[in-house]
Enquirer: 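Shown below is the structure under consideration.
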Amino acid sequence: MIFTILTLFPDIFHSPLQESIIKKAFDKGLVNFNIINIRDFAADVHKTCDDRPYGGGPGMVMKIEPIYRAMELVESIYGRPRYVLLTPQGRPFDQATAERYGKLAHICLICGRYEGVDERIVGCVDEEVSIGDYVLSGGEIPALVLIDAVSRNIPGVLGNEGSVADESFKEPLLEYPQYTRPEVFMDMEVPAVLLSGNHEEIRKWRRKEAIRKTLLKRPDLIDKLAPTEEDGKFIREIMEEFPE
Ligand code: 6GU
């Protein structure tokens, strides 16, 4: 899968994309990155990419023409990718979106700055995406968040294919608690069942503790769970531990 990134700050991308899972995916040829500096497509000698807003007011607005010329170059090489604008006004990015993007051959991420991009960009892109209800200075960090979440859904990127489905948010449950050595740390013991070697008991414990964690920390997610009979039993048992 190709990720093309249009940005005014290309340097932000270099180190995060050269570590860990994404680096391994790149080395395996599963992902590739084109990081394009929008400034290279500015028309004037000053390489102007933003300007004052029509109608007045504070801040600067990103000009559309340099972005559009960068898009034309991308299309002349690859054909039309899926264009996604990173903006606080976009649809909330979630796991379902990450999985959908993971099936694309080529996605082009356009990083807006916080003050905004000329509204006419909206007619040029396929989707607008936000990573949450808080203010960031630009779309670069959101683009990295999206690349990480999407890459994990490309077959072969995670060594263990089971990891994708196993983790939080495939099902609307938080992950069960994990432990590794030592068995005792500052008087805190690893739950005995995990040392028992009884795989069925371990499975049941993990399922119940995932439900417990979700009930405590993210009760909103439990509403989205389609509980099995066993899940229902675990939920009742957990609730009975909290009289009131
Ligand atoms: Cl995509 N961009 C900016 N500038 N701020 C954000 C965002 C995006 N998502 C959440 N906050």
Side-chain angles (χ1 to χ4, degrees), residues 1-17 19-22 31 33-42 47-68 70-71 74 80-104 106-154 167-169 172 174 217-218 220-221:
M1 173 172 187
I2 302 168
F3 293 90
T4 293
I5 301 150
L6 307 188
T7 175
L8 287 171
F9 302 101
D11 291 349
I12 291 176
F13 291 90
H14 292 125
S15 119
L17 297 179
E19 300 283 353
S20 183
I21 304 269
I22 295 173
V31 295
F33 303 101
N34 295 314
I35 300 164
I36 296 177
N37 191 341
I38 295 167
R39 198 166 298 283
D40 293 342
F41 296 84
K47 301 283 172 196
T48 308
C49 288
D50 59 6
D51 205 340
R52 290 167 301 157
Y54 277 120
M60 298 287 272
V61 177
M62 266 173 89
K63 292 166 65 63
I64 191 165
E65 297 139 288
I67 299 173
Y68 191 78
M71 293 166 74
V74 170
R80 196 178 193 286
R82 173 152 301 237
Y83 288 112
V84 174
L85 176 67
L86 283 310
T87 162
Q89 292 153 43
R91 275 195 333 125
F93 182 68
D94 60 11
Q95 185 62 26
T97 312
E99 288 170 23
R100 179 162 57 86
Y101 290 171
K103 299 185 178 109
L104 298 172
H106 185 189
I107 190 168
C108 179
L109 306 175
I110 302 171
C111 303
R113 52 182 290 169
Y114 164 60
E115 290 89 342
V117 184
D118 186 307
E119 189 70 16
R120 290 167 287 191
I121 191 71
V122 172
C124 302
V125 301
D126 300 299
E127 299 180 48
E128 298 170 80
V129 161
S130 159
I131 63 161
D133 291 336
Y134 39 81
V135 175
L136 298 169
S137 317
E140 283 76 13
I141 290 170
L144 286 166
V145 167
L146 184 151
I147 290 165
D148 190 296
V150 171
S151 297
R152 300 172 59 80
N153 294 292
I154 299 170
E167 273 179 42
S168 303
F169 294 103
L174 301 182
K217 298 187 181 184
R218 290 293 306 275
D220 57 303
L221 292 180

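Starting from 1, each residue takes its place in the sequence as its number. Order of appearance sets the numbers: ligands from 1, and atoms from 1 within every ligand. Because the structure is predicted, anything quoted here is derived from the model rather than measured.
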Enquirer: Are any of the heavy atoms in Gly138 under 4.0 Å away from ligand 1?
Expert: yes
Enquirer: Which of the atoms of ligand 1 are close to Gly132, meaning less than 4.0 Å from one of its heavy atoms?
Expert: 9 (N), 10 (C), 11 (N)
Enquirer: Taking all non-hydrogen atoms of both residues, which atom of Leu6 and which atom of Val74 are closest, and how far apart?
Expert: CD2-CG2, 4.4 Å
Enquirer: Could you work out, with side-chain contact (heavy atoms from CB on, under 4.5 Å) as the rule, every residue matching Asp51, not counting sequence neighbours?
Expert: Lys63
Enquirer: To the nearest 0.1 Å, how far is atom 6 (C) of ligand 1 from its closest protein heavy atom, and which atom is that?
Expert: Tyr134 O, 3.7 Å
Enquirer: Might you point out which heavy atoms bring Ala143 and Cys111 nearest each other, and give the distance in Å?
Expert: CB-SG, 3.9 Å
Enquirer: Stepwise, does the side-chain contact (heavy atoms from CB on, under 4.5 Å) test hold for Val150 with Ile107?
Expert: CA-CA 10 Å; Val150 171; Ile107 190 168; 5.8 Å; no
Enquirer: What protein heavy atom sits nearest atom 2 (N) of ligand 1, and how far away is it?
Expert: Pro88 CD, 3.5 Å
Enquirer: Please list all pairs passing the salt bridge (charged side-chain N to carboxylate O under 4.0 Å, His left out) test where one or both residues lie in residues 137-147, with sequence neighbours left out.
Expert: none
Enquirer: Looking only at heavy atoms, what is the nearest atom pair of Ser130 and Thr87, with distance?
Expert: CB-O, 3.2 Å
Enquirer: Go through ligand 1 atom by atom and flag the ones less than 4.0 Å from a non-hydrogen atom of Val129.
Expert: 1 (Cl)
Enquirer: Have a look at ligand 1 and work out which part of Pro142, if any, has a heavy atom under 4.0 Å from it: side chain, backbone, both or neither.
Expert: side chain
Enquirer: Using a 3.5 Å cut-off on N or O atoms only, is Leu136 in polar contact with ligand 1?
Expert: yes
Enquirer: Looking only at protein heavy atoms, which one is nearest to atom 9 (N) of ligand 1, and what is the separation?
Expert: Ile131 N, 3.0 Å
Enquirer: Heavy-atom contacts with Leu86 under 4.0 Å: which atoms of ligand 1 show up? List them by number with element.
Expert: 1 (Cl)
Enquirer: Using every non-hydrogen atom in the two residues, find where Asn37 and Pro10 come nearest and quote the distance to one decimal.
Expert: ND2-CG, 3.7 Å
Enquirer: Can you find an N or O of Thr87 that's nearer than 3.5 Å to an N or O of ligand 1?
Expert: no
